[in-house]
Amino acid sequence: MNIWNWLSGQYRVTLTSADPAGTLQALTKLGVHVWDVTAEDQMRWHFTICRSSAVILKRIANKRGDQVCVTSHKGAYWSAKALKKRPVLVFGIALLILLSIFLPRRVLFIRVEGNQKIPTRLILQEAETCGIYFGASRSHVRSQQVKDRLLSCLPQLQWAGVRTEGCVAVIMVGERAQTEQSAPQEGVCSIVAARDGIIVSMTTLRGNGLCKPGQAVKAGQVLISGYTDCGLSIRAERADGEIFGRTQRQITVIFPQQCGNKDEISSQKKKFSLIIGKKQINFFKDSGISGTTCAKIYEQKYVTLPGGFQLPISVLCQTEIAYRTESSVWTDSEQRLKAFARQYVLDQTSAGVLEHINEQITTINGCIKLEGVYGCLENLGLVRMEESIPDYGKSD
C-alpha cells in the first residue's frame, strides 16, 4: 500500500467464487493491485483493493459469476466524505487552522514591566496610540519607530523597549530618576506682593528689602528685590524672605433651604452590554438617560484566560435603581454656610488665619445667601523671575 492508495480510498472486499485464485490472477493481469489477501475457506477470500479498481473488480466478477461484497472502506477519501455530514466539525477545523495561522502573528496580550510611579493604564493608553494594541501585528510592534514614539509621548520615561513572547507584547520601561528636591532655578528673582494688604512682619534672608512693617502695598509691588546696589556694582541674586500681611477678602455663598432625600426603592432593573475593545454593544433599546430619582451602579467584568491573561472583552452590568424622594428643610443651613465660606477663604490663602469676620445672612427665593468680609493674616510673598541685566563689554 502506498500513500496514493490511502489518499484515494480503499475497499476491504469479500470474494465468494469457485476459483478465487483465478479471479485474483485476472485482476493482476489488468494491472489491479491487490494486498492483504486472507483465505477464510476454499471459496471465500478477503483482500483489499484501491477504490478506483472497484469497477474493474465488479466487471470481472460478473463475467466469472462470482459474488463480491464490500465489508469496509478506509482512507483519506472516506474520512473527508464523512466530514460532509458534520458541517459544524468542518467549520471548527477550518476555523482552528485559520486561527493557528493568524493568531501567532498578532498581539493578544500586553504586559508592562519596570514601572513604579507611572500608572500601567497610562502606559497602555499611550502604547495604543503608538500601535501596540489588541490584534496589532507582531512585526510592527518590534519596530524602533514604535519605541521612539512611546518615549516622546511619555517624557517621564528614560528608555523603553518592546519584545514579543508568543502572542504577548512586553513593554519594558525605565523611569527617570526624580530627586526629592528639585534643582534651584537659575536667574534673578524678586518677591512681589500676591495681593493688596498691609505688611505686619518682614524677614529678608537674601536680596534688597524695599518695604517695612505697617506699609500698605498693592498686588504686584516688589517687596524684596533681587538686585542690590553695592555702589560700584549691582549684585543680582535670587531674593528670599518671609512677608506676612493683613488682607481682606469678600465672598458670597448661596445655599438652598430645602433638600431632597431618598425615601425608598420603587423599582430595580439590570441592563447588560458587551464591550469589545472600544466598541460597546447594548442589549437594550432606551438611551440610558434617567431622571434625578434614579441611581445607577456599573459593574464591569473582563474575560480572563487561565494564567491571568485578560482579554479586552468585558460584560457591563448596569443596575438602575429608582427611588422615591421627599423634601426636607435644612435645620443647620447657617452653620453649613459659615463653615463652608470660612474654609474656602482659608484654602485661598497661603499660611493664612482669619482675624476678623463680618457675615450677613439673608433669605431670598427659597435660598439662604451669605455675604462675608474676612480679614486675614497671610503670607504675601510671591516669587517672580526678573530679566537679567545685559553685560555690555568694552569694544577694542
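Values reported hereafter were calculated over all heavy atoms of this structure, with side chains retained and with hydrogens, waters and symmetry mates removed. All values derive from a computational prediction rather than experimental measurement.
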ask   = At their closest point, which heavy atom of K218 faces which heavy atom of A193, and how far apart are they?
value = O-CB, 3.3 Å
ask   = Any side-chain heavy atom of T48 within less than 4.5 Å of one from V13?
value = no
query = Checking side-chain contact (heavy atoms from CB on, under 4.5 Å) for the pair I243/I199: CA distance, chi angles, key distance, verdict?
reply = CA-CA 7 Å; I243 303 101; I199 297 178; 4.1 Å; yes
ask   = Under the side-chain contact (heavy atoms from CB on, under 4.5 Å) criterion, do V37 and W45 qualify, and how do the steps go?
value = CA-CA 7 Å; V37 181; W45 286 17; 4.0 Å; yes
query = Do V192 and L223 have side-chain heavy atoms sitting under 4.5 Å apart?
reply = no
message = Using only atom types and a distance under 3.5 Å, with no angle test, would you say the side chain of Q343 pairs donor to acceptor with the backbone of F340?
response = no
key: Check against side-chain contact (heavy atoms from CB on, under 4.5 Å), S273 and I281   = CA-CA 6 Å; S273 302; I281 303 174; over 6 Å; no
note = When every non-hydrogen atom of C230 is compared with those of R235, the smallest separation belongs to SG-CB, 4.0 Å
query = Going only through I, L, V, M, F, W and Y residues with side-chain contacts under 4.5 Å, is there a path from I110 to L157?
reply = yes
inquiry  = For E386 and S190, which I'm curious about, is there any donor-acceptor pair between the side chains at under 3.5 Å?
reply    = yes
key: Polar side-chain atom of E237 near backbone of G207 as donor-acceptor pair, under 3.5 Å   = yes
Interatomic spacing from CD1 in I60 to CD in Q25 - rounded to 0.5 Å = 11.5 Å
query = In chain order, what residues pass the salt bridge (charged side-chain N to carboxylate O under 4.0 Å, His left out) check against E242, with sequence neighbours excluded?
reply = none
task = Treat each ILVMFWY residue as a node, draw an edge where side-chain heavy atoms are under 4.5 Å apart, and state whether V188 and L210 are in one component.
result = no
inquiry  = Within the 3.5 Å criterion, strictly below it, is a donor on S314 or Q300 matched to an acceptor on the partner's side chain?
reply    = yes
Short N-O contact, R336 and E334, less than 4.0 angstrom = no
ask   = Please walk me through it: do E113 and V170 pass side-chain contact (heavy atoms from CB on, under 4.5 Å)?
value = CA-CA 7 Å; E113 296 179 354; V170 182; 3.6 Å; yes
query = Is the CG atom of D347 crowded by more than 12 outside heavy atoms at less than 6.0 Å?
reply = yes
ask   = Are any side-chain N or O atoms of S17 and backbone N or O atoms of D19, one a donor and one an acceptor, separated by less than 3.5 Å?
value = yes
query = If you draw a 6.0 Å radius around CZ in R64, do more than 12 non-hydrogen atoms from other residues or ligands fall strictly inside?
reply = yes
request  = To the nearest 0.5 angstrom, please state how far the CD1 atom of I224 sits from the CG atom of L205.
outcome  = 7.5 Å
query = Can you find a pair of side-chain heavy atoms, one from L122 and one from L154, that are under 4.5 Å apart?
reply = yes
inquiry  = Let me check something: do L27 and V68 share a hydrophobic cluster, defined by ILVMFWY side-chain heavy atoms less than 4.5 Å apart, either directly or through other members?
reply    = yes
key: Reported CZ-to-SG distance for the pair F255 and C367, which is rounded to 0.5 angstrom   = 10.0 Å
request  = Name all pairs fulfilling the salt bridge (charged side-chain N to carboxylate O under 4.0 Å, His left out) condition that reach into residues 191-202, sequence neighbours left out, sorted by first residue then second.
outcome  = none
task = Enter the distance from I171:CD1 to R163:CZ here, rounded to the nearest 0.5 Å.
result = 11.0 Å
query = Taking C-beta and beyond as the side chain, do I276 and L274 meet within less than 4.5 Å on heavy atoms?
reply = yes
Salt bridge flag under 4.0 Å for residues R246 and E378 = no
task = Please answer whether the main-chain N or O of R12 pairs with a side-chain N or O of T71 as donor and acceptor at a distance below 3.5 Å.
result = yes
query = Do the side chains of V107 and Y133 get nearer than 4.5 Å, heavy atoms only?
reply = no
inquiry  = Can you confirm whether C167 sits close enough to R106 that some side-chain heavy atom of one is under 4.5 Å from a side-chain heavy atom of the other?
reply    = no
inquiry  = Checking side-chain polar atoms at under 3.5 Å, does Q250 have a donor or acceptor matched by the opposite partner on Q248?
reply    = no
message = For a quick test of reading the model, state the closest non-hydrogen atom pair linking W35 to C50 and the distance between them.
response = CH2-N, 3.9 Å
inquiry  = Hydrophobic clusters here meaning ILVMFWY residues chained together by side-chain heavy-atom distances under 4.5 Å, can you tell me if L99 and I313 are in one?
reply    = yes
request  = Starting at OH of Y11, measure out to CG of L57 and round the result to the nearest 0.5 Å.
outcome  = 10.5 Å
message = Could you tell me if the side chain of S137 sits less than 4.5 Å from the side chain of R105, heavy atoms only?
response = no
request  = For side-chain hydrogen bond (donor to acceptor under 3.5 Å, both in side chains), just list the numbers for T120 and N115, CA-CA rounded to whole Å, side-chain angles, deciding distance to a tenth of an Å, and then say yes or no.
outcome  = CA-CA 7 Å; T120 301; N115 61 315; 3.0 Å; yes
ask   = So, for E175 and I118, which heavy atoms are closest and what is the spacing to 0.1 Å?
value = OE2-N, 3.0 Å
Donor-acceptor contact below 3.5 Å, side chain Q215 vs main chain I198 = no
inquiry  = Name the residue from R249, E359, Q348 that meets the side chain to side chain donor-acceptor pair (under 3.5 Å) definition with Y374.
reply    = E359
key: Backbone N/O of L96 and side chain of S100: donor-acceptor pair under 3.5 Å   = yes
query = Looking only at heavy atoms, which two atoms of A219 and A194 are closest? And how far apart?
reply = CB-O, 3.9 Å
message = Quiz question: by atom type and distance under 3.5 Å, do the side chains of H46 and T14 form a donor-acceptor pair?
response = yes
Interatomic spacing from CG in L24 to CG in L15 - rounded to 0.5 Å = 6.5 Å
ask   = Please walk me through it: do E165 and R111 pass salt bridge (Lys or Arg N to Asp or Glu O under 4.0 Å)?
value = CA-CA 10 Å; E165 299 176 354; R111 188 169 69 242; 3.3 Å; yes
ask   = Is atom CZ of F91 surrounded by more than 12 heavy atoms (other residues, nucleotides or ligands) closer than 6.0 Å?
value = no
query = Is there a side-chain contact between V345 and C376, using heavy atoms and a 4.5 Å cut-off?
reply = yes
query = Do V383 and Y227 share a hydrophobic cluster (ILVMFWY, side-chain heavy atoms under 4.5 Å, transitive)?
reply = no
query = How close do C189 and R238 get, heavy atom to heavy atom, and via which atoms?
reply = SG-NH1, 3.0 Å
ask   = Is it true that a side-chain atom of E128 and a backbone atom of Q125 form a donor plus acceptor pair closer than 3.5 Å?
value = no
